[in-house]
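Order of the sequence lines sets the chain letters (A, B, ...), proteins ahead of strands, with each chain counted from 1.
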Number of protein chains: 2
Amino acid sequence: MTAGYELEDKVLLAVDCIIFGFDNGDLKVLLVKRDFEPEKGKWSLIGGFLKKTETLDDAARRILHTLTGMHDIYMEQLYTWSEVERDPAERTISTSFYAIIDIKQHDKELIEHHNAKWFSLSNAPKLIFDHDQMLNKAIMRLRRRTSISPIGFGLLPEKFTMKQLQKLYEAILDRKVDKRNFINKIKSMDILVKLDEKDMSSSTKGSYLFMFDQEKYDAKQTKDFYLKIS
Amino acid sequence: MTAGYELEDKVLLAVDCIIFGFDNGDLKVLLVKRDFEPEKGKWSLIGGFLKKTETLDDAARRILHTLTGMHDIYMEQLYTWSEVERDPAERTISTSFYAIIDIKQHDKELIEHHNAKWFSLSNAPKLIFDHDQMLNKAIMRLRRRTSISPIGFGLLPEKFTMKQLQKLYEAILDRKVDKRNFINKIKSMDILVKLDEKDMSSSTKGSYLFMFDQEKYDAKQTKDFYLKIS
DNA sequence: TCAAAAGTGTTTATAATACACCCATGG
DNA sequence: CCATGGGTGTATTATAAACACTTTTGA
């Protein structure tokens, strides 16, 4: 069997990862200082090149791990960018992926990787190539996702307060939501367990801690379940 | 300036187009008989390879035109497929695009291209590689899009009846919708103009013809406008 | 005159939104 | 005893869904 592919152009396929982090009410993005040309020394998304022996998802995981030490991050494919001059050095197509994680839970992994740094969305530096476009598209996608389906585990400590959860939504959606409506909505979703424990760190009264109920959450995920935050 | 890209793998980047067609209440997909190895003679999506000098969108348009004669079709990027063994002949990544068109308006262009053929979704043949997956993902995306935002121009004749529009939605969503709710909804969107003309071809009473109001439609498109069909 | 498709509104249910006061406690 | 953040419920509005009869006219 001979394939008729001999005359076709081959190109470099890059992967760029947009990692959003949530910490203390603030939505951030993880960037790295590029250590090779072109644009060496400038800030960029976490990127690298696909190898022939791996899928794009594999490549994204490998690159993320190499540049930041993080592992077990589920990333979702976002878009493939193909402007001819997007990388001035050579014709390169890039597929972008994104994920959102809890910064605290991954801080230790990151400490030794001094090239990677968290930036608040509001004061992120200008990025190389079309990475600003990628970031924007990722923000849009994240907002849409967030407003129609509950945010998963792993973004908050195992035990968290309603206030923390609300702050998370507010950070992603970039607007305030009504406390009572928010709580009612979350309750109606029935994916949280209220604990007897209280968090005393931010008030005299203390606020109840909650956990995600993995089973209920999974059950709902499979259906056409959605959440709309007022 | 030297780029540090020399050691990276290069791959073939393919483009596959999923063209949905609507004709007479039936939703179809356009397939071609492959005329090169591997899998020569089998049915596949409309595909080809990216050239170094074009974007993916350019490539999609070029390939669609080459294989079917169609032009001026706006396609939306769907997903990039990268399983290592997806094409057994050589490592190939593929970005898929989709569009939906009015079959009647493009029939003439297609007549001379005997390799391309419309198939109803319900009895499409098995496709090569991962093309069935691509098709499925495209159907899902099309349904979601359809249920949250009005379908554009170009899918129906310039003048059309409410019945035709309803059939279009029903074909895409693959379920019946209530006539009165549908009409009320469409009216509330305020993007159609009712003409004085009637279509007499399907009843003695005749049914009014409508046209899209391009300006109103564009205005709404820019907003967060959406439509939900009961 | 009747068959076949067109056209038309109202009621009900559900979901989204707006909104304000009391509670508990450590200092 | 009071300042601070925690906790709670209801009324209103908007949207979705269910539902059936009358009109027209060519054959």
Side-chain angles (χ1 to χ4, degrees), chain A residues 24-25 143-144 146-150 156-157 159-170 173 175-211 220 223-230, chain B residues 24-25 143-144 146-150 156-157 159-170 173 175-211 220 223-230:
Chain A
N24 233 288
R143 287 205 183 125
R144 205 164 322 146
T146 304
S147 64
I148 60 168
S149 122
L156 290 174
K159 300 170 181 180
F160 51 87
T161 65
M162 275 292 172
K163 188 65 169 281
Q164 283 176 289
L165 186 58
Q166 186 182 335
K167 288 267 181 212
L168 171 57
Y169 272 89
E170 290 182 335
L173 300 177
R175 60 187 168 84
K176 290 258 173 282
V177 304
D178 180 86
K179 179 170 60 164
R180 284 161 295 183
N181 291 342
F182 181 77
I183 291 175
N184 287 338
K185 194 76 205 181
I186 296 288
K187 276 188 183 155
S188 79
M189 289 166 58
D190 189 31
I191 52 167
L192 296 187
V193 212
K194 187 176 190 168
L195 305 177
D196 282 334
E197 259 175 283
K198 281 192 162 188
D199 172 289
M200 303 303 297
S201 66
S202 62
S203 76
T204 59
K205 189 179 179 182
S207 49
Y208 283 104
L209 288 165
F210 292 80
M211 288 178 67
K220 311 244 163 169
K223 295 178 206 159
D224 253 347
F225 180 59
Y226 79 99
L227 163 82
K228 205 152 182 313
I229 300 299
S230 67
Chain B
N24 233 288
R143 286 205 184 125
R144 203 163 324 145
T146 305
S147 64
I148 59 169
S149 123
L156 290 174
K159 300 170 182 182
F160 51 87
T161 66
M162 274 290 171
K163 189 64 169 282
Q164 283 176 290
L165 186 58
Q166 185 182 337
K167 288 268 181 210
L168 171 56
Y169 271 90
E170 290 182 337
L173 300 177
R175 61 189 166 82
K176 291 256 175 285
V177 305
D178 180 86
K179 178 169 61 164
R180 284 161 295 182
N181 290 342
F182 180 78
I183 291 175
N184 287 338
K185 194 77 204 178
I186 296 287
K187 275 187 183 157
S188 78
M189 290 167 56
D190 188 31
I191 52 166
L192 297 186
V193 212
K194 187 176 190 169
L195 306 176
D196 283 332
E197 260 174 282
K198 282 192 161 189
D199 172 288
M200 303 304 297
S201 66
S202 62
S203 75
T204 58
K205 189 180 178 182
S207 49
Y208 282 103
L209 288 164
F210 292 79
M211 288 178 67
K220 312 243 162 171
K223 295 178 205 161
D224 253 345
F225 181 59
Y226 78 100
L227 164 82
K228 204 153 184 314
I229 299 298
S230 68

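- Between D:dT8 and A:K187, a contact under 4.0 Å exists linking OP1 or OP2 to a side-chain N or O.
- In this structure, B:I186 and B:Q166 have side chains that are not in contact, with every pair of non-hydrogen atoms separated by 4.5 Å or more.
- Here the closest non-hydrogen pair linking A:S203 and A:G206 is OG-N, 2.9 Å.
- Atom CD of B:Q164 and atom P of C:dA5 are 15 Å apart (whole Å).
- To the nearest 0.5 Å, atom NZ of residue B:K194 and atom CE of residue B:M211 are 15.5 Å apart.
- From A:L156, atom CG reaches atom CG of A:L168 across 5.0 Å, with rounding to the nearest 0.5 Å.
- A heavy-atom distance below 4.5 Å is found between the side chains of A:I183 and A:K187.
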Between the protein and nucleotides 11-13 of chain D, list the N/O to N/O atom pairs that are separated by less than 3.5 angstrom.
none

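- Using a 4.5 Å heavy-atom threshold, the side chains of B:Y208 and B:M162 count as separate.
- Between the CD1 atom of A:I183 and the P atom of C:dA16 there is a distance of 17 Å, given to the nearest Å.
- A:K194 places its NZ atom 13 Å from the P atom of D:dG6, with the value rounded to the nearest Å.
- Atom CZ of B:F182 and atom P of C:dG9 are 18 Å apart (whole Å).
- Nearest to the side chain of A:K185, among C:dA5, C:dA16, C:dT8, sits C:dA16.
- Annotation: the span from B:K163 atom NZ to B:S202 atom OG amounts to 7.0 Å, rounded to 0.5 Å.
- The nearest whole Å value for the distance from the NZ atom in A:K176 to the C1' atom in C:dA18 is 17 Å.
- With a 4.5 Å cut-off on side-chain heavy atoms, B:T161 and B:Q164 count as touching.
- Between B:M162 atom CE and C:dT8 atom P there is a gap of 9 Å when expressed in whole angstrom units.
- Put simply, the side chain of B:R175 reaches to within 4.5 Å of the side chain of B:V177, judged on heavy atoms.
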Within the 4.0 Å limit for protein heavy atoms, which parts of nucleotides 19-27 of chain C are touched? Write it as a string from 5' to 3', B for base, S for sugar-phosphate only, - for none.
BB--BBBS-
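- Put simply, CZ on A:R175 is 12 Å from P on C:dA16, counting in whole angstrom units.
- Spacing between atom CG of A:L195 and atom P of D:dG7 amounts to 12 Å, rounded to whole angstrom units.
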